[in-house]
Trainee: 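Pasting a structure below so you can have a look.
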Amino acid sequence: MQYLNELKEKIKENLPELDMVVGWEQGFDSLRASPLFMRTEDDVDKMIWGPLCVHNLATYLPSLKGKKVGVVVKGCDSRSVIQLLQEKLIKRDDIMVFGLPCTGVVSLRKIQDNLGSLDYIESTEVDGDSLNITVDGTNHAFKLEDVAANKCSRCQYHNALLSDVFIGDPITEEAEDEYTDVDEFEDMSLEDRMAFWVSNMSRCVSCYACRNACPMCVCRDHCVAQSRDPHWITQEDTVQNKWFFQMIHSMHLAGRCTECGECERACPVGLPLLLLKRKMNKEIKELFAYKAGTLIDAKTPLLSFKVEEDNINERGW
Amino acid sequence: MSSSLSYAYYPGCSGQGTSIEYEQSSQAVCKALGITLQEIPDWSCCGSTPAHTVDHTLSAALSARNLGQAEGMIVNGVITPCPSCLTNLKTASHRMKDETFRAKTNALLEKPVNNTLPIMSVLQVIYEQVGPEKLKEKVVRPLTGMKLAPYYGCIMNRPPDVMDFDDCENPIAMDRLMEALGIEITPFPLKVECCGASYGVARKDIVMHLSGKLLDAAEDCGAEAMVTACPLCQMNLDLRQGQINSANKTNHAMPIFYYTQLIGMALGLDEADLGMKKLCVDPGKAFRKMEARKAEALEESVVRRSGN
Amino acid sequence: MKIGVFVCHCGSNIAGTVDVVKVAEEARKLPDVAFASDTMYACSEPGQDGIINAIKDLDLDGVVVASCTPRMHEPTFRKTLERAGLNRYMFEMANIREHVSWVGKDKEANTKKALDLVAMAVAKLTQGKALISKKFDINKRVLVIGGGVAGIQAALDCADGGLDVILVEKTTSIGGKMSKLDKTFPTVDCSSCILGPKMVDVAQHPNITLYAASEVEKIDGYVGNYQVAITKKATYVDWDACTGCGLCMEKCPSKKSTDYFNEEVGTTTAINILFPQAIPKKASIDADFCIKLIKDKCGICAKVCPTNAIQYDQQDEIVTEPVGAIIVATGYDLFDYTKYGEYGGGRYPDVITSMQYERLLSASGPTGGHVKRPSDGKEPKTIVFIQCVGSRDKSIGRPYCSGFCCMYTAKQAILTKDHMPDSQSYVFYMDIRAPGKLYDEFIRRAMEEYGTQYVRGRVSMLYPKNGSLVVRGADTLLGKQVEIEADLVVLAVGAESAVGASKLAEKLRISYDNYGFYMESHPKLRPVETNTAGVFLAGSCQGPKDIPQSVGQGSAAAAKVLVLFSKDQLESDPQVSVVDIKRCVGCGKCIETCPFGAIEEIDFRGMTKSNVIETICQGCGICTSTCPQGAIQLQNFTDNQILAEVNVLCQQTLEKSFE
Amino acid sequence: MNTIRLNTACDADFINQVEKESEQDMSLCYQCGNCTAGCPYTTFYDLPVNQVMRLVQVGQREQVLSCKSLWLCASCESCTTRCPNDIDVARIMDVLRHMSRRAGHATERRVKIFWDAFLSSVERHGRVHEMGLMATYMTKTGRMFTDIDLGMHLIPNGKLSLKPHTMIGKKEVSEIFKRFNEERSS
Amino acid sequence: MSADSGKELRIVGFLCNWCSYGGADTAGVGRFQQPTDLRIIRVPCSGRVDPLFVLKSLVNGADGVLVSGCHPRDCHYSEGNYYARRRLEVLKRFLPVLGIDTRRFEYTWVSASEGQKWKTVVEKFTEGIHELGPAPVIDATMIAKAQILAATAL
């Protein structure tokens with residue numbers, strides 16, 4: 001709960017000028033956090049901070065367009081804010097960013113895999129780099145490292161890249177991300193890869209939670225997945241349609257995805273959706289030496305071009 | 001030893017016989033210019049023209065055997081003084097870029113060839129790796145006063161796709177090297193015309209006609225000697241000059257040098273190593289003319305200086 | 001929807017390898033198809049009447065014609081629909097000729113393919129809708145680029161037709177290649193006598209504004225409303241003041257300047273008037289040779305100029321001209337023969353190009369019309385002409401025939417005999433191409449009356465010998481190698497696209513072929529149009545042409561512009577992008593990628609939205625593939641229309657996924 | 001001159017075979033004559049190169065394969081270098097010579113004997129033995145005094161060895177010939 | 001298997017109106033014979049080709065997809081093909097993660113004058129697709145198989 005008091009103080013200090021500040025509070029049990037929209041000082045007192053604060057709150061910003069909003073961000077979340085600003089989907093003057101250094105957040109799915117069920121959590125305590133969860137009177141101790149989200153182990157942006165107020169001491173270490181997970185996946189045969197997606201997508205329930213959780217998905221009510229004009233996806237409940245929706249999502253995120261992993265986290269059936277976006281990012285990085293959500297003034301690669309491309313060679317047809 | 005100028009060397013059969021002076025002078029000049037020649041162990045004949053008139057695979061195989069021998073060596077490429085060998089080696093290598101042809105060729109060989117080494121003439125290596133500038137610096141005995149017609153022969157640069165060196169209509173590599181020695185190069189229009197090749201034995205009339213034309217043209221343009229880079233050309237022009245004279249009723253006494261002999265002379269190498277005495281038409285006259293012109297020039301400059 | 005399908009036989013062009021009857025039969029089974037039939041020539045009058053009748057009788061909503069490429073007859077059939085009272089955009093074409101019958105021989109496969117294409121067109125049409133054109137004003141001024149004979153003709157015809165003409169010429173005078181010629185074939189009349197008056201007309205025409213020494217920098221806009229930025233290059237002479245008296249030329253000490261007009265036969269002065277009949281007759285300074293500009297010394301011309309016209313500090317200037325149409329007449333350049341090593345690669349002074357020879361023959365040329373060979377100034381007795389230098393030669397990337405070399409070579413052989421009655425000319429040729437009016441007769445005259453020896457074969461090499469050039473060639477009719485000792489060798493160099501042609505094409509957004517010649521809209525039926533509305537071609541920029549053809553095209557292009565300008569307003573193409581204001585989230589990605597600045601940001605009830613400016617939109621659809629929510633749709637190529645086509649082709653069995 | 005009946009006398013297999021073995025497209029030749037114009041040997045030919053090309057184009061097998069020109073081409077590459085259509089003419093001449101040889105023609109007998117003598121010297125010794133080559137040639141042609149004058153210069157200058165080269169792998173070379181002949185006969 | 005023998009495969013082409021569609025017309029006018037598998041969809045510009053059209057085709061049974069536009073610098077709309085180049089290159093590189101062979105998709109530049117080149121492109125691409133054979137069909141059998149495979153992999 002490091003820095004929490006300082007954070008609360010800063011928010012209270014700035015609250016008068018803001019319509020609201022978005023942070024986290026405890027959810028329906030002690031393990032789960034949920035977004036908190038703070039309008040009063042009392043609201044601020046409900047706020048929590050720590051490895052359980054998983055949600056990327058930047059997701060709420062586009063829908064709060066027009067309001068003065070404060071937002072609390074981890075390093076990874078801040079990239080979404082930057083990307084939104086770059087695409088002019090939110091206005092810099094309208095937002096106030098409270099940045100924090102983050103050592104990692106938990107993956108509820110990993111904890112669930114260990115505990116079997118998350119329905120009967122009695123208490124949760126974070127103590128240094130360990131996590132103690134009591135279920136049914138039994139205490140389960142985890143090392144945070146072991147139950148951290150995958151994105152945390154390769155985190156290169158522990159500190160918020162953009163902030164009006166930064167609380168705490170910046171973390172200096174940063175990991176490398178060589179996209180080894182993508183490479184490993186692609187070591188499988190083509191047939192196996194396709195089978196992987198076909199079997200996974202056959203579990204999809206078309207709830208669009210992945211899309212709703214995505215900070216960069218800004219079409220919302222006008223998502224092409226649910227429109228007849230244009231009519232990209234038919235009404236039939238087919239694997240092709242579900243899979244194709246994920247392709248649409250990936251293409252729409254090409255050069256924009258900040259890899260916050262909300263899509264994957266939000267998926268009720270646990271589909272590995274981030275893999276597709278990471279593949280896309282890997283290629284974008286190789287082709288254009290570009291990473292989304294790191295520079296406000298940059299231009300998204302697919303909305304620009306060079307007459308002579310550095311890394312695209314004609315294949316001699 | 002890993003000199004940057006280290007090459008697998010293919011002397012060619014005539015180097016052991018009729019063009020021994022070319023062989024000797026090439027060796028001597030390369031040594032003096034820091035080009036290391038490692039003779040391809042147990043090289044064999046490239047098959048020359050007769051082989052490719054029979055079959056292209058046979059011809060390629062005869063050449064490729066030598067490329068195979070060279071592949072184990074730590075060298076920058078294969079080089080040869082003889083344009084005929086060069087053509088055979090390069091054509092074999094060029095055609096073997098085609099998988100099917102390579103397989104067919106390899107089937108005739110004891111040991112398959114990878115076809116990885118570049119192939120060049122000694123002339124190309126001297127011209128490109130040493131160059132006229134550096135050569136000029138090394139000249140101890142300039143051949144100023146000598147007037148030469150440069151004769152490249154027909155296949156040193158042709159066809160350009162395969163040979164990939166110098167200009168196919170107006171090659172200049174030898175011109176520039178000779179000029180670096182102080183020699184005056186006369187414009188010679190028949191630089192790449194054929195001399196009659198190996199028809200000297202079976203159809204002498206052809207050689208008399210074609211080589212005769214070359215000698216006439218050289219004389220017409222005021223050359224006092226010719227320089228060549230090909231054993232066959234040299235033999236036709238030099239050794240057969242007497243036959244040409246009697247057949248065409250001319251009386252040429254045109255010395256025919258190998259360019260390596262002249263480079264060697266200018267570098268101050270031992271004449272015995274350059275095989276100068278082995279030439280058929282006595283080059284003495286050409287050298288005497290050169291010396292006379294040198295003396296004249298010297299005198300003139302003295303006069304001019306004292307006149308100041 | 002009620003769609004009629006018409007499958008064209010195109011004589012045997014389509015019916016030969018496609019079972020058109022079966023295609024029509026199968027098409028009838030497609031959803032929304034109310035009528036389908038085959039027709040001999042859909043584009044013919046009975047063919048079109050058949051379509052009209054079907055529309056009227058069956059009350060059709062849309063029509064699909066399966067015939068040739070829409071690039072050919074789409075406009076034809078759209079008009080047919082209009083005549084039947086349907087909106088012209090309720091029409092699709094299936095290209096079963098160029099894309100099917102002409103490229104495949106297997107009738108069964110072709111028939112299947114044709115049916116697929118018809119099904120795609122039908123599917124696309126079901127997603128189509130009526131589009132209405134808007135009208136907009138046009139600016140009735142025309143830009144002519146290039147002041148050669150084609151450009152001059154086009155400019156004069158447009159100006160005489162009452163249009164304002166802007167004529168832009170790269171060099172300091174109009175006249176082009178023709179002004180360098182001594183005489184012209186097949187009449188052997190003096191080139192400057194027939195071109196000169198036209199040049200003067202240009203100078204004096206009240207409707208023509210001439211920019212010489214100028215180049216087109218940038219072109220914005222669209223048909224009817226172009227904005228053209230023109231760079232007036234510094235000539236270092238105030239042309240308003242210059243009277244063309246030529247005093248500066250007499251006094252200029254820098255006499256070794258490159259003489260471009262005389263093809264570098266001889267030299268000129270650093271300040272010069274391009275040639276005596278130049279239009280405009282103004283002096284200009286070649287900055288590469290002017291002592292004042294290089295070393296800041298001299299300055300003599302400024303001292304002697306009676307009107308103080310010299311301006312050493314003159315800078316390039318950019319002017320902008322609004323025009324409604326553009327005629328491109330940028331001509332050609334000559335092949336650089338030094339690529340031929342066997343012809344000496346430029347080393348022999350007495351091997352010259354045909355254009356250089358033209359200057360030697362010309363009375364106003366550097367030798368006053370006396371043929372003197374460059375090496376020693378002697379009059380040549382034996383002259384060898386070599387044809388096809390840089391033409392019909394794949395090995396140097398020029399496989400095409402330049403067309404006019406046969407004729408000008410014959411002319412030069414005739415003139416040679418006229419100039420030097422005791423001379424003998426030889427012409428090495430491969431084939432003689434003389435299909436014009438009086439052309440072949442002219443060639444015969446060169447042989448019959450002027451004794452020119454025509455040798456059928458190419459020249460393989462030439463070399464100097466005893467002050468002559470030995471030309472070694474073949475006489476393939478004799479089956480012999482032949483040699484000629486010539487005093488002068490004239491190379492009939494071919495034509496190639498003008499230097500910088502591709503760059504200008506990019507500015508004009510027109511296409512060009514592999515050799516840099518501009519592509520006409522249709523090789524037979526639209527020879528002076530391009531695929532960019534409002535841009536027309538004249539002369540050799542489209543391919544090598546002689547003078548009559550160039551003049552003809554100049555007039556043709558002018559006529560096309562006059563037709564275009566015969567209305568006061570043009571209809572805009574309604575195939576533009578349209579924003580669905582509800583779906584637009586105002587992210588501006590479409591604005592960012594639009595190459596034409598055709599999309600603007602607007603405020604819609606307090607929300608930022610995108611809006612398409614119809615007259616600027618060119619209909620490329622980049623915005624449509626950029627917008628993630630599909631809020632901006634290019635009309636007639638909407639997502640749904642293209643998806644409809646995809647869906648026809650790709651309908652994998654849709655299996656319900658397991659739950 | 002006999003009339004050639006172009007339709008019946010055209011040997012299409014011949015054209016195909018030439019095209020296949022030479023990897024050249026005969027139809028590219030438009031008879032400009034540049035090959036003949038540059039050919040140094042054309043004086044000695046019975047058919048100029050461009051006519052050889054033409055005769056191949058019209059499928060005249062016998063006339064082409066029995067001409068002398070094929071045996072007099074020295075592969076100087078002038079034709080190939082200057083062909084405006086990038087046809088490797090010298091290679092076609094070579095291929096025609098192969099076919100002519102296989103068809104049992106040897107219209108320039110001495111040239112063939114010389115070449116054969118050359119190759120048999122290579123086959124036997126791995127490298128050419130110039131003296132041996134001359135000896136074989138003289139015996140086979142009966143022209144015992146060929147270039148005897150030249151020997152006067154060559155032998156004293158050590159330019160003509162009486163003994164063949166010593167080469168370790170000469171068997172390897174003769175194996176190449178053996179494999180070639182086996183493949184040829186199979 | 002060569003392209004002109006055996007069963008036709010499903011190849012979708014998206015061609016820009018100004019260059020490649022014209023190039024295909026030129027090939028037709030020149031009577032350059034081509035394999036018959038390809039079906040051409042005409043679009044105004046390669047920049048109009050949303051990569052999703054390609055994915056949609058591939059997911060729903062296309063065995064190959066070919067996009068062709070004007071050569072870089074020659075776009076009728078100045079810049080469309082530059083955008084297309086980036087998007088299509090990204091798309092091509094994305095395919096492997098989906099388990100789709102990248103050779104099933106290609107993009108090329110063919111101008112209106114390059115009829116011969118168009119023929120070569122069609123021949124080469126069609127031949128390549130025939131070498132790959134029909135694309136895997138996503139049907140009940142495949143889904144069932146995939147699920148078993150996934151279950152055993154765990």
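Every chain is numbered from 1, with letters handed out A, B, ... down the list of sequences. Please read all numbers here as calculations on a predicted model, not as lab measurements.
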Trainee: Tell me whether R78(C) forms a cation-pi arrangement with F91(C), defined as NZ or CZ under 6.0 Å from the six-membered ring centre and within 45 degrees of its axis.
Mentor: no
Trainee: Does T69(C) use its side chain to pair, donor to acceptor, with the backbone of R71(C) at less than 3.5 Å?
Mentor: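 Here the side-chain-to-backbone pair exists.
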Trainee: Answer with side chain, backbone, both or neither: which region of A505(C) has an atom nearer than 4.5 Å to a non-hydrogen atom of chain E?
Mentor: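 It is neither, since no heavy atom gets under 4.5 Å.
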Trainee: Of the backbone (N, CA, C, O) and the side chain (C-beta and beyond), which part of Y83(E) lies under 4.5 Å from a heavy atom of chain C, both, or neither?
Mentor: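 Just its side chain gets close to chain C.
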Trainee: Looking only at heavy atoms and a cut-off of under 4.5 Å, which of S111(E), A112(E), P51(E), G22(E) has the most pairs with chain C?
Mentor: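 Of the candidates given, the most pairs with chain C belong to G22(E).
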Trainee: Got a salt bridge between D19(C) and K107(C), using NZ or NE/NH1/NH2 to carboxylate O under 4.0 Å?
Mentor: no
Trainee: Is a donor from one side chain sitting under 3.5 angstrom from an acceptor on the other, for S46(E) and N81(E)?
Mentor: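 The criterion, which ignores hydrogens and geometry beyond distance, is not satisfied for N81(E) and S46(E).
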Trainee: Quick check for you: among A121(C), A109(C), P70(C), C623(C), which has the greatest number of heavy-atom pairs under 4.5 Å with chain E?
Mentor: P70(C)
Trainee: So which residue, S101(C), G104(C), C68(C), S511(C), ends up with the most heavy-atom pairs under 4.5 Å with chain E?
Mentor: G104(C)
Trainee: Checking Y518(C) against D513(C): is there a side-chain donor and acceptor pair closer than 3.5 Å?
Mentor: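 No, Y518(C) and D513(C) have no side-chain donor paired with an acceptor closer than 3.5 Å.
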Trainee: Does a donor on one side chain sit under 3.5 Å from an acceptor on the other, for T126(E) and D37(E)?
Mentor: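 T126(E) vs D37(E): no donor-acceptor pair found between side chains.
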Trainee: Determine, stepwise, if the pair T26(E) / E114(E) fulfils side-chain hydrogen bond (donor to acceptor under 3.5 Å, both in side chains).
Mentor: CA-CA 7 Å; T26(E) 307; E114(E) 294 174 321; over 6 Å; no
Trainee: Answer yes if the side chains of Q633(C) and S577(C) hold a donor-acceptor pair under 3.5 Å, and no otherwise.
Mentor: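 Distance-only check fails for Q633(C) and S577(C).
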Trainee: What residue in I40(E), V12(E), V49(E) has the most heavy-atom pairs under 4.5 Å with chain C?
Mentor: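 The answer is I40(E).
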Trainee: For a salt bridge (charged side-chain N to carboxylate O under 4.0 Å, His left out) check, start with the C-alpha distance between D116(C) and R10(E), then their side-chain angles and the critical distance, and finish with the verdict.
Mentor: CA-CA 11 Å; D116(C) 273 353; R10(E) 182 103 310 190; 2.7 Å; yes
Trainee: Could you walk me through whether V100(C) and V18(C) pass side chain to side chain contact (heavy atoms under 4.5 Å, CB included), step by step?
Mentor: CA-CA 8 Å; V100(C) 182; V18(C) 174; 3.9 Å; yes
Trainee: With chain C, which of H71(E), R87(E), K56(E) has the greatest number of heavy-atom pairs at distances under 4.5 Å?
Mentor: R87(E)
Trainee: Is Q33(E) reaching over with its side chain to a backbone N or O of W102(C), donor-acceptor style, under 3.5 angstrom?
Mentor: yes
Trainee: Identify which part of K112(C) has an atom lying under 4.5 Å from any heavy atom of chain E, answering side chain, backbone, both or neither.
Mentor: both
Trainee: Counting only N and O atoms by type, is there a donor-acceptor contact under 3.5 Å from the side chain of R583(C) to the main-chain atoms of Q629(C)?
Mentor: yes
Trainee: In terms of heavy-atom pairs under 4.5 Å with chain C, which of A24(E), A27(E), G80(E) leads?
Mentor: A24(E)
Trainee: Would you mind checking which part of S502(C) comes under 4.5 Å of any heavy atom in chain E, side chain (CB onward), backbone (N, CA, C, O), both or neither?
Mentor: neither
Trainee: Identify the residues of residues 636-647 of chain C whose heavy atoms come closer than 4.5 Å to a heavy atom of chain E, ordered by number, or report 'none'.
Mentor: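 From residues 636-647 of chain C, the residues near chain E are F637(C), T638(C), D639(C), I642(C), L643(C), E645(C), V646(C), N647(C).
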Trainee: Salt bridge between K119(E) and E123(E), side-chain N to carboxylate O under 4.0 Å?
Mentor: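 Yes, charged N to carboxylate O under 4.0 Å.
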Trainee: Go through the atoms of T593(C) and report whether side chain, backbone, both or neither lie under 4.5 Å from a heavy atom of chain E.
Mentor: both
Trainee: Given that the side chain runs from C-beta out, which part of F14(E) has a heavy atom under 4.5 Å from chain C: side chain, backbone, both or neither?
Mentor: side chain
Trainee: For L634(C), is it the side chain, the backbone, both, or neither that has a heavy atom closer than 4.5 Å to a heavy atom of chain E?
Mentor: side chain
Trainee: If you count heavy-atom pairs under 4.5 Å between each of Q34(E), R39(E), R42(E), H76(E) and chain C, which one has the most?
Mentor: R39(E)
Trainee: Looking at chain E, which one of H99(C), E98(C), Q618(C) has the largest number of heavy-atom pairs inside 4.5 Å, strictly under?
Mentor: H99(C)
Trainee: Under 4.5 Å from any heavy atom of chain C, what part of V122(E) do you find: side chain, backbone, both or neither?
Mentor: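 For V122(E), no heavy atom lies under 4.5 Å from chain C.
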Trainee: Checking L38(E) against chain C: side chain, backbone, both or neither under 4.5 Å from a heavy atom?
Mentor: backbone
Trainee: Assess the pair Y400(C) and Y515(C): is the distance between their ring centroids shorter than 6.0 Å?
Mentor: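 Close enough - the centres of the two rings lie under 6.0 Å apart.
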Trainee: Between V576(C) and D573(C), which heavy-atom pair has the shortest distance, and what is it?
Mentor: CG1-O, 3.3 Å
Trainee: Are the side chain of S20(E) and the backbone N or O of G69(E) linked by a donor-acceptor pair below 3.5 Å?
Mentor: yes
Trainee: Considering only heavy atoms, give the residues of residues 99-109 of chain E separated from chain C by less than 4.5 Å, sorted numerically, with 'none' for an empty result.
Mentor: none
Trainee: In terms of side-chain geometry, is the basic nitrogen of E520(C) or R526(C) positioned less than 4.0 Å from the acidic oxygen of its partner?
Mentor: no
Trainee: Inspect the contact between E89(E) and R85(E) and indicate whether a charged nitrogen and a carboxylate oxygen are less than 4.0 angstrom apart.
Mentor: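 The answer is no: the pair does not qualify as a salt bridge.
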Trainee: With a 4.5 angstrom heavy-atom cut-off, is it the side chain or the backbone of D63(E) that approaches chain C, or both, or neither?
Mentor: neither
